[in-house]
**Q** 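The structure that follows is given in the form of structure tokens.
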2 protein chains.
Amino acid sequence: MLAGVKGVKMKHDFCYLSNPHATELFLRYFRKDFRNEERLRRVVEYYPSQNCALAEKIAAFLAVTQKTHSLSVSHSKEGERIQAENIFVGNGATEIIQAVLQTLVKPFVGVKLLQTRRSLTPTKILVPVPTFSPYLEFASKDVSVIQHQLRKKDDFRLNRAELLTQVRKEEPDTVVLINPNNPDGGYIEVEDVHGLLTQLRHVPTVIVDESFAHFVAQKIGHATSLVQKFPNLVVIKSLSKDFGIAGVRLGYAVMSAHRVSALLKRGYLWNVSGFGEYFLGLLNRRDFLRQYEQSRQKAIRERDEFFVELSKIKGLHVYPSRANMFLVELTDGSQAADLVVAFLVRHGIYVRLCKDKIGLHGEFVRIASRSGVENRRVISALRAELSV
Amino acid sequence: MLAGVKGVKMKHDFCYLSNPHATELFLRYFRKDFRNEERLRRVVEYYPSQNCALAEKIAAFLAVTQKTHSLSVSHSKEGERIQAENIFVGNGATEIIQAVLQTLVKPFVGVKLLQTRRSLTPTKILVPVPTFSPYLEFASKDVSVIQHQLRKKDDFRLNRAELLTQVRKEEPDTVVLINPNNPDGGYIEVEDVHGLLTQLRHVPTVIVDESFAHFVAQKIGHATSLVQKFPNLVVIKSLSKDFGIAGVRLGYAVMSAHRVSALLKRGYLWNVSGFGEYFLGLLNRRDFLRQYEQSRQKAIRERDEFFVELSKIKGLHVYPSRANMFLVELTDGSQAADLVVAFLVRHGIYVRLCKDKIGLHGEFVRIASRSGVENRRVISALRAELSV
């Protein structure tokens, strides 16, 4: 709303979480490929491919990145490739969250789940907070949302023992793990996710949201390959953040084949646009992936440099993050809302006030990591504001 | 599947229902507007606007077309404009059909509906057949789909008295009217829709799908303005067909404000892409609308010319259509499947075999009306095949 204040011009959007280098890469391909008039006409005029065909493109992408890139530390056996039948492609991860919460997080999904369910208890979903709000908002109204409070004293890192204790007490039907978490960037190593999944085998559904996984480290692990071992696992992945294409609307999820079928029976016909399908084509091009990998590494380096610089500023506590954003707490007694306004009015920089984040109490803002040049503007602005 | 046969090349897709002149118009604007690098970057990189903001653009479009264009015969009172709060914007009409059938076509939506419902009976949806299959496929599994058979002796036109008789007998919770209907192009005049709605006031939900309404005639009527009078009415409108932009994925629905709220509470965050939002911006530009109107009139003329020429060919019965497709029955004893293959192999023309259409028995194909030049190729091909 502040962006609409007279005379205020937002020049740098640090609310927004993406990799700007990847956006530029996409735009270079887009401009070149769509110089071809006929190609653009086909994308605009015709219906895009359906979910199964798009899932093949994601499967090929996952296979290539597992073999040739540092993108993924494979936890699957040699040659064990994630199949298209295990992949649901969505119009952004938010569509997938909505679909999974409203279709799968219900009693009586499939025979196996039926056997493990305690009948006649209300459906419960356990979500660590603070986190990405759709997990708290999109559940059906007959589902009870149980918050698992992440503690400030733990830097909002997930305490696995405490999570398991609450799971034993509440007996939820669904447990959600956002990894890395938003807004704090807290990360659970894939080995520990594996350990948790072993402990959560009796829970009908475990959702692991890896939307920020590409920012974790040079070599990263995905939980996707664990779907074969844990049929209750649903891995959700946005493509908006790492590839910098939120406007295109794309995400995917990896889960058991019968769950993908259950979703597709509900519809999701042509849910990805022609431009989304074009992007999935890029994911199957090695030249694109090679350049993307460079942009990814660059974003990680810049995020780490940003952390070092942010941490030097007095009056702040910066929570270590493996995502491309930092949760920043004001420790000098100033108000987060004042900082947000001052940033916007005096520096044209928009950072996210965290007052509306459930489970987060205090003076917090969330600051995205963008390009090194842009990040340095934030550092200068913070120095100017906090030295006042 | 035939398109993949070795040596077979599909040159003209007459399965596909759109206005090719409108596609060309969109592409001209797209190329011009996105010469601006920054504009393209914004569309790709950032999250698009949310549903309420996009609904404002549709509301402005509907207001302008009601005032200045022949697009719409207004049934609303002077100055009675459709409000954004009555509009739900979708990622294509199929998303809206899915959303409406799975969210609204349920018992206990709102207090008023509750009062009119017969409790404890299974939820029923009545759908005329043959029609667009998602209306038969997307209902929740606890909803019973009742088919209202359109009769060949009536040219598959809806017989209102028969529909009302079946409604009295079955007492459905939802009645669907596709107007014009797909695949036959049968049309119910807006006055008659008004009459039907008066008779169907006791039915909790009446869906009128007007996805092909722009092809009806020079001056057309929309049922959208009847939503104020009939709170049980939901009007669904694809933008893929008339504007020739199926790849962009866009549609909207007009319904009571509390139903729009009910849908938005389920999610639908960022369900329209940045390119979809760009298109909605075009709908607010008078220069674009003026040129679109020309392309629409042209498509109608070509459809009518196509009907005259198709009707001259012996061995066929062509059902009169107010949409941009014709349901064609082979009356010379030949098989529709053979014609589809021969068309593809010998002419590179792909027409839709209707064997899978529920409620349609016989040798039928559906042929789109495209540009005059393309339509004439179909006429030549039909003459060649049917004179053999």
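Below, chains carry the letters A, B, ... as their sequence lines are ordered, and counting in each starts from 1. If you're wondering where the values come from, they're calculated on a predicted model, not measured in any experiment.
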**Q** For B:Asn375 and B:Ser369, which I'm curious about, is there any donor-acceptor pair between the side chains at under 3.5 Å?
**A** yes

**Q** Is B:Phe34 close to chain A through its backbone or its side chain, or both, or neither, when contacts mean heavy atoms under 4.5 Å?
**A**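 Just the backbone, heavy atoms under 4.5 Å.
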
**Q** In terms of heavy-atom proximity below 4.5 Å to chain B, should A:Val43 be classed as side chain, backbone, both, or neither?
**A** backbone

**Q** Salt bridge or not between A:Asp242 and A:Arg296? Use side-chain N to carboxylate O under 4.0 Å.
**A**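 No, A:Asp242 and A:Arg296 are not salt-bridged.
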
**Q** For B:Asn19 and B:Asn324, which I'm curious about, is there any donor-acceptor pair between the side chains at under 3.5 Å?
**A**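 Per modelled atom types, B:Asn19 and B:Asn324 side chains form no pair under 3.5 Å.
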
**Q** Is B:Leu27 in contact with chain A via its backbone, its side chain, both, or neither, using a 4.5 Å heavy-atom distance?
**A**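 Interface part for B:Leu27: side chain.
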
**Q** Find the one option among B:Tyr268, B:Phe279, B:Trp270, B:Tyr16 whose heavy-atom pairs under 4.5 Å with chain A are most numerous.
**A**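 Most pairs with chain A among the choices: B:Tyr16.
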
**Q** When heavy-atom pairs shorter than 4.5 Å are enumerated against chain B, which of A:Glu24, A:Glu137, A:Arg41 gives the highest number?
**A** A:Arg41

**Q** Assess the side chains of B:Tyr46 and A:Asp13: does a donor N or O sit below 3.5 Å from an acceptor N or O?
**A** no

**Q** Counting only non-hydrogen atoms closer than 4.5 Å, does A:Arg31 touch chain B with its backbone (N, CA, C, O), its side chain (CB onward), both, or neither?
**A** side chain

**Q** What residue in A:Ser273, A:Ser240, A:Ala246 has the most heavy-atom pairs under 4.5 Å with chain B?
**A** A:Ala246

**Q** At a heavy-atom separation under 4.5 Å, does B:Glu45 approach chain A through its side chain, its backbone, both, or neither?
**A** both

**Q** Considering only heavy atoms and a distance below 4.5 Å, find which of B:Leu40, B:Thr94, B:Leu250, B:Leu269 pairs most often with chain A.
**A** B:Leu40

**Q** Non-hydrogen atoms of chain A under 4.5 Å away: do they reach the side chain of B:Glu37, the backbone, both or neither?
**A**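 Both the backbone and the side chain of B:Glu37 come within 4.5 Å of chain A.
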
**Q** For residues B:Val272 and B:Asn91, report the shortest heavy-atom separation together with the two atoms involved.
**A** CG2-N, 4.3 Å

**Q** When you check the gap from the basic side-chain N to the acidic O, do B:Glu374 and B:Arg377 get nearer than 4.0 Å?
**A** no

**Q** Going by ring pair (Phe, Tyr, Trp, His ring centres under 6.0 Å), B:Phe243 matches just one of B:Tyr292, B:Tyr29, B:Tyr252, B:Phe26. Which one?
**A**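 Answer after filtering B:Tyr292, B:Tyr29, B:Tyr252, B:Phe26: B:Tyr292.
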
